[in-house]
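Everything below concerns the one structure shown next.
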Protein chains: 2
Amino acid sequence: MVVVSKESEESLNQLFRALADGTRRSILVRSLTETPSVSELAARYAMSFAAVQKHVAVLERAGLIQKRANGREQLVSTNHARLQRAGELLEYFESIWRQRMTQLDDILLPKGK
Amino acid sequence: MVVVSKESEESLNQLFRALADGTRRSILVRSLTETPSVSELAARYAMSFAAVQKHVAVLERAGLIQKRANGREQLVSTNHARLQRAGELLEYFESIWRQRMTQLDDILLPKGK
DNA sequence: ACTAACTACAACCATATGGTTGTACGTTAA
DNA sequence: TTAACGTACAACCATATGGTTGTAGTTAGT
């Protein structure tokens, strides 16, 4: 069962918005297989450290990643559950779509009654 | 098999960006089960017709919906394939995650060798 | 104790976004 | 044919976004 629940619209907005940027998707993917520090991440992109730091902050606010202090470094890892949440909402849309298809089937291919 | 392909980053940005707004998600869901005109949609939201029209345009640019002229009306319907595309990318992320988990399993629970 | 590395954050800028109102134009109905 | 309807689009506004540079605080290494 797909739960739509009381999750705030704003929370979903942030979730999808965070995914709507190539640099952030790249950071997210990297953090799926590694646990890079912010500066290790920054070294990979052709932009300032501060810019990457902002992208990380957007992902963090969206709940897609979390940071863990390790000495002077901040290690970035993904929040898998949160990533799944985006997928669940899309699955919910899918289910609405399928329901419609089923209804059309009922009209075109009546079985009961 | 999840296809990442040559789809432009910008195209994916538009796709997720379009989903990052409550009004647009609502329009999308409505257009999954109905084929409303733009003005029918506009009547449902507490904003101007032009504002709704803009949201529809964003969804259309993202490829999530299409409009079909019917006399003076523009009927809106969803592009299911495009919606699936968003889900596929998330599944791709999932697969990377699972791969990592498998690798961890290999380390923690070696079977071969 | 110093210095370099890593991070945080403020200030600033250009552009994008989400909303508004107003105008114009094709289509339908009386 | 005229009036109302549905749409398109321009102009405008406030705020958000994505980037920059600069300053400052911690932590690590020598």
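Note that the structure is a prediction, hence the values are computed from the model and not measured. These values consider heavy atoms only, across backbone and side chains, with no hydrogens, waters or symmetry-generated copies. Quick note on labels: first sequence line is chain A, next is B, and so on, each numbered from 1.
Mapping A/Ala51 and A/Gly71 onto DNA chain D by nearest heavy atom places A/Ala51 closer to the 5' end of the strand. Place A/Lys54 and A/Leu75 on DNA chain C by their nearest nucleotides, and A/Leu75 ends up nearer the 5' end. In terms of position along DNA chain D, the nucleotide closest to A/Asp21 lies nearer the 5' end than the nucleotide closest to the other residue of the pair A/Ala50 and A/Asp21.
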List, one per line, each side-chain donor-acceptor pair under 3.5 Å for residues 52-67 of chain B, sequence neighbours excluded.
residue, atom, partner, partner atom, Å
B/His55, ND1, B/Arg24, NH1, 3.2
B/Gln66, NE2, B/Ser77, OG, 3.2
B/Gln66, NE2, B/Thr78, O, 3.3

List the atom pairs, donor and acceptor, that lie under 3.5 Å between side-chain atoms in residues 41-49 of chain A and the rest of the protein, sequence neighbours left out.
residue, atom, partner, partner atom, Å
A/Tyr45, OH, A/Ser26, OG, 2.5
A/Tyr45, OH, A/Ile27, N, 3.4
A/Tyr45, OH, A/Arg30, NE, 3.1
A/Ser48, OG, A/Ala51, N, 3.1

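For residues 59-81 of chain A, every residue pair satisfying the ring-ring contact (aromatic ring centres under 6.0 Å, His included) rule, not counting sequence neighbours, is listed here: A/His80-B/Trp97. Under the salt bridge (Lys or Arg N to Asp or Glu O under 4.0 Å) criterion, the residue pairs touching residues 72-84 of chain B are B/Glu7-B/Arg82, with sequence neighbours excluded.
Among the heavy atoms of the strands, none lies under 4.0 Å from B/Ala42.
A 4.0 Å heavy-atom criterion places the boundary nucleotides of DNA chain D facing chain A at D/dT17 to D/dA28, written 5' to 3'.
B/Ile96 has its side chain out of reach of B/Arg100: every pair of non-hydrogen atoms, C-beta onward, lies at least 4.5 Å apart.
Atoms CD and CD, from A/Gln99 and A/Glu94 in turn, are 13.0 Å apart once rounded to the nearest 0.5 Å.
Follow the hydrophobic side-chain contacts under 4.5 Å out from B/Tyr92 and you reach B/Leu83 in the same cluster.
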Completion exercise
Once base and sugar-phosphate atoms are separated, protein heavy atoms under 4.0 Å mark nucleotides 1-6 of chain C, 5' to 3', with B, S and - as ---BBS
Practice task
Would you check, one step at a time, whether the test side chain to side chain contact (heavy atoms under 4.5 Å, CB included) holds for B/Leu19 with A/Leu90?
Solution key: CA-CA 10 Å; B/Leu19 291 169; A/Leu90 295 181; 4.0 Å; yes
